[in-house]
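I have placed the structure first, in the form of structure tokens, so that the comments after it can refer back to it.
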Amino acid sequence: MLGSGIIKGLAETGRNFVGSYFDPERMTTVEYPEQRLAPKENTRQFPFLVFDGEAALAGLRCVACQICEKECPPQCIYIEKSREKKPDHLGKPQFHPAIFDIDISVCMSCQICVEVCPFDAIKMDTEFELSTSDRFGGLLMHKDLLARPNSHFLKVHPTDAGVIDARRAEERARLEAKARLDSEAKAKEAPPAA
Amino acid sequence: METPQQIRDRIVGAVAGLQVECLPNGAPAGVPSLLVGRSCFREVAIFLRDDPQLRLDYCSNVTGVDWPERTEKFKVRRQVGEVEKDVEESRVIPGCLEVVYHLYSMSLKHGPLVIRVRTGDRSADVSVPSLTPVWRACELQEREVFDLFGVHFDGHPDLRRILMWDGFVDHPMRRDYVEPDDYDYEPTPHDHVLDRALARAKPGEAGCGSGAR
Amino acid sequence: MMVTQRSSDEWDRPAPVAGSYAFVVGDDPEDPGSLLEVSMGPQHPSTHGVFRMDVVLDGETVVKLKPVFGYLHRNHEKIAENISYLGSMPYTDRLDYFCSLTNNWAYALAVEKLAGISVPERAEYLRVILSELTRLQNHVCLAGFLAQDMGASGTPLMYGFREREKILDLFESLTGARMMCNYMRFGGCRCDTPPGWLDEARAVVDSFPRFLHEFENLLSSNEILMSRTQGIGVLGKDLAVGAGITGPCLRAAGVDYDIRKVDGYGIYPRFQFRVPLGEHGDTYDRYMMRILEMHESLGILKQALDGIPEGPIIDPKAKLRGFRPKAGESYGRIEAPKGELGFYLISDGSPSPYRYRVRPPSLVNLTVLEDLCVGHNVADTVIILGSIDIVLGEVDR
């Protein structure tokens, strides 16, 4: 019968309309600023720099190796190395970034900097409300704005951060054990002379 | 499907005087390609389309490749004075533009066969026969090669620029293409871009924001 | 005014495009003023992006149509030739921004062929799952947009978007982004699934048929939709093959050519699925092709989600940095939701490709736009364009 298809369609629309009041499968919208969806662990927005300890700029894990700067496809990272070295968490002297800028108006959130970083120093944040009234300066993030504590990393990506923390603790423990063995060996060698 | 070498032998056997050459491919899973002379390019294409064993009725991909003039260095064993020595010599490989076609058969479901054709040089003698009358699939893609590489296709029904605008003069996909320096630079963390941005800014107004405009 | 369909053999050189795209009054010497040149687009919502059609009209009937594009051109190929192989991967997301995962796969496939990298089993399964999910969300949006083009403003599209959102949520929890996924790597995928992801995917796949049934009830037998689409924009078999049309448009014309079957790339030969074929090649067939393909995709998804093994996600030999394939060339192609998506790469042994070419299905499918539209009304060109399914990010690159 001509028109039966239209009536079938209208019935479907009616079902959807009624369902949108009580059927959870059809109630999918969220009133954004007041209500928010649960954050997803893998979500990525823009990069941040992880630091350990209390002082943001002193504890940066970044050693200014500039791999991320080279690999970044849209070239939005700019790094300048420091002149002097300071010890990292294993006590090895390393450079640190004198300047570390990310232009997040250029950044395309591809996560390649995170993947290529051998020091777990740069990670993706989940912060997305970054609007600013200054188009150029406001979107150019310097290292003081980029630095976030490890506790923030643990909060946004708990799995990833847990694995990395465990690995770093293990490295440190291995180093300490080695140092202890070395000093014991030295102590064993030393006494006869004394 | 036969190997490209067999196809080449069959083409040359079928019609005398056709210039077809089989080029090797270094990739592990790659197939060799056939380099066809310009003068007989369309005959070869029609042969490949109509041959009952091949029936390559579907031209998937058309693209250009730019090969600028380059010098190749190689070593030759020569008699120098009294001793025989390896002498380094160089030869100039003239530049050309190349158009590559990937052919498949939809009726026999095989492929690909890669055929390529080269222009005489990169500036004056840049025309090759168009394959649009053979496979209509080439129409927009040949226009794109004309636009981005500057290859002229003889016999193309509608050879106009396709991605760049009509008044544009250069061919952006060529290796030696230089971008025109006519942007409004915006300050970024990159020093060289920032330098250009500042140089463009009005004196005294250097800095962020409107200074670059 | 006689209107004839142009065949692929008879070529007439078109008149040069007029400089002004305002209304240009006619050029028919016998009946001056009868022809009207109208520029549709580039900022028109029916053109699915920044796309323009120069249409010459005789009353309501289309006499001539020239597609004009390039407004979104950013020379993706040139960018890719100047950065590393890995660096192009996030740029491929931006080609067909609806289907970033299939774009990733096509590029990864071409590079894997170029360098001879193998892919572990679990990654192959994940690739199939993700690309079929991509196909679902692309087709469901297409059907919604097509109804929107016909004037069903919003309702079917919003139903489609509601379901698509569930799939995008899956993408986000796996890859980190809803649309710009950047997930596949040479020799596998970037990261393993988070715990419970496969169950979530199974739940989405299980609930999808109910929605599809509703959607078909809503549209497929709707008399208005049928009268607007049946017999409109008929694409013949020979023209389709000659013009290199691929994907659902080709199969709607009745040509059995699905690269998943023909090439059997990835692990597709392991799955049971049928290739739906159209009979008339008109706009309604192209619409139905998408609906039927969604059913087949659901079948593949069920098999893949049941069969996915545990194991590594990426080939340990594949290098992330400093990747330099040996000199050579390769062409990798897959059945993307819009047609054959191919990547042609030439390597000269350096860290960036010597030549990097994308074979965009949307661009080649536009070849026949004029042939489909000539003789129909202006309002039909919008539907025909919608049923070809173009994305301007891919047409212009």
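Note that these values count all heavy atoms, side chains included, but never hydrogens, waters or copies made by symmetry. Chain letters run A, B, ... following the sequence lines, proteins first and then strands; every chain starts at 1.
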Donor-acceptor pairs between chain C and chain A under 3.5 Å, which ones?
{"residue": "C:Y91", "atom": "OH", "partner": "A:P73", "partner atom": "O", "Å": "3.4"}
{"residue": "C:R94", "atom": "NH2", "partner": "A:M108", "partner atom": "O", "Å": "3.1"}
{"residue": "C:R162", "atom": "NH1", "partner": "A:N16", "partner atom": "OD1", "Å": "3.0"}
{"residue": "C:R162", "atom": "NH2", "partner": "A:N16", "partner atom": "OD1", "Å": "3.3"}
{"residue": "C:E172", "atom": "OE2", "partner": "A:T43", "partner atom": "OG1", "Å": "3.0"}
{"residue": "C:S173", "atom": "O", "partner": "A:N42", "partner atom": "ND2", "Å": "2.9"}
{"residue": "C:L174", "atom": "O", "partner": "A:N42", "partner atom": "ND2", "Å": "3.0"}
{"residue": "C:T175", "atom": "O", "partner": "A:R44", "partner atom": "NE", "Å": "3.4"}
{"residue": "C:T175", "atom": "O", "partner": "A:R44", "partner atom": "NH2", "Å": "3.2"}
{"residue": "C:G176", "atom": "O", "partner": "A:R44", "partner atom": "N", "Å": "3.1"}
{"residue": "C:M180", "atom": "O", "partner": "A:R44", "partner atom": "NH2", "Å": "3.4"}
{"residue": "C:C181", "atom": "O", "partner": "A:R44", "partner atom": "NH2", "Å": "2.4"}
{"residue": "C:N182", "atom": "ND2", "partner": "A:C110", "partner atom": "O", "Å": "2.5"}
{"residue": "C:R185", "atom": "NE", "partner": "A:E115", "partner atom": "OE1", "Å": "2.9"}
{"residue": "C:R185", "atom": "NH2", "partner": "A:E115", "partner atom": "OE1", "Å": "3.3"}
{"residue": "C:R185", "atom": "NH2", "partner": "A:E115", "partner atom": "OE2", "Å": "2.7"}
{"residue": "C:R190", "atom": "NH1", "partner": "A:Q111", "partner atom": "OE1", "Å": "3.4"}
{"residue": "C:R190", "atom": "NH2", "partner": "A:Q111", "partner atom": "OE1", "Å": "3.1"}
{"residue": "C:E214", "atom": "OE1", "partner": "A:N16", "partner atom": "ND2", "Å": "3.3"}
{"residue": "C:E214", "atom": "OE1", "partner": "A:R26", "partner atom": "NH1", "Å": "3.2"}
{"residue": "C:E214", "atom": "OE2", "partner": "A:R26", "partner atom": "NH1", "Å": "3.0"}
{"residue": "C:E214", "atom": "OE2", "partner": "A:R26", "partner atom": "NH2", "Å": "2.8"}
{"residue": "C:N217", "atom": "ND2", "partner": "A:E12", "partner atom": "OE1", "Å": "3.2"}
{"residue": "C:E223", "atom": "OE1", "partner": "A:G5", "partner atom": "N", "Å": "3.4"}
{"residue": "C:E223", "atom": "OE1", "partner": "A:I6", "partner atom": "N", "Å": "3.1"}
{"residue": "C:E223", "atom": "OE2", "partner": "A:G3", "partner atom": "N", "Å": "2.8"}
{"residue": "C:E223", "atom": "OE2", "partner": "A:S4", "partner atom": "N", "Å": "3.3"}
{"residue": "C:E223", "atom": "OE2", "partner": "A:G5", "partner atom": "N", "Å": "3.2"}

Can you say whether A:I67 sits under 4.5 Å from chain C via the side chain, the backbone, both, or neither, judging by heavy atoms?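 A:I67 touches chain C through side-chain heavy atoms alone.
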
For a quick test of reading the model, state the closest non-hydrogen atom pair linking A:I112 to C:L86 and the distance between them. CD1-O, 3.8 Å

Could you tell me which non-hydrogen atom of C:P90 sits nearest to which non-hydrogen atom of A:P73, and how far apart they are?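 Taking every non-hydrogen atom into account, CG-CG, 3.8 Å.
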
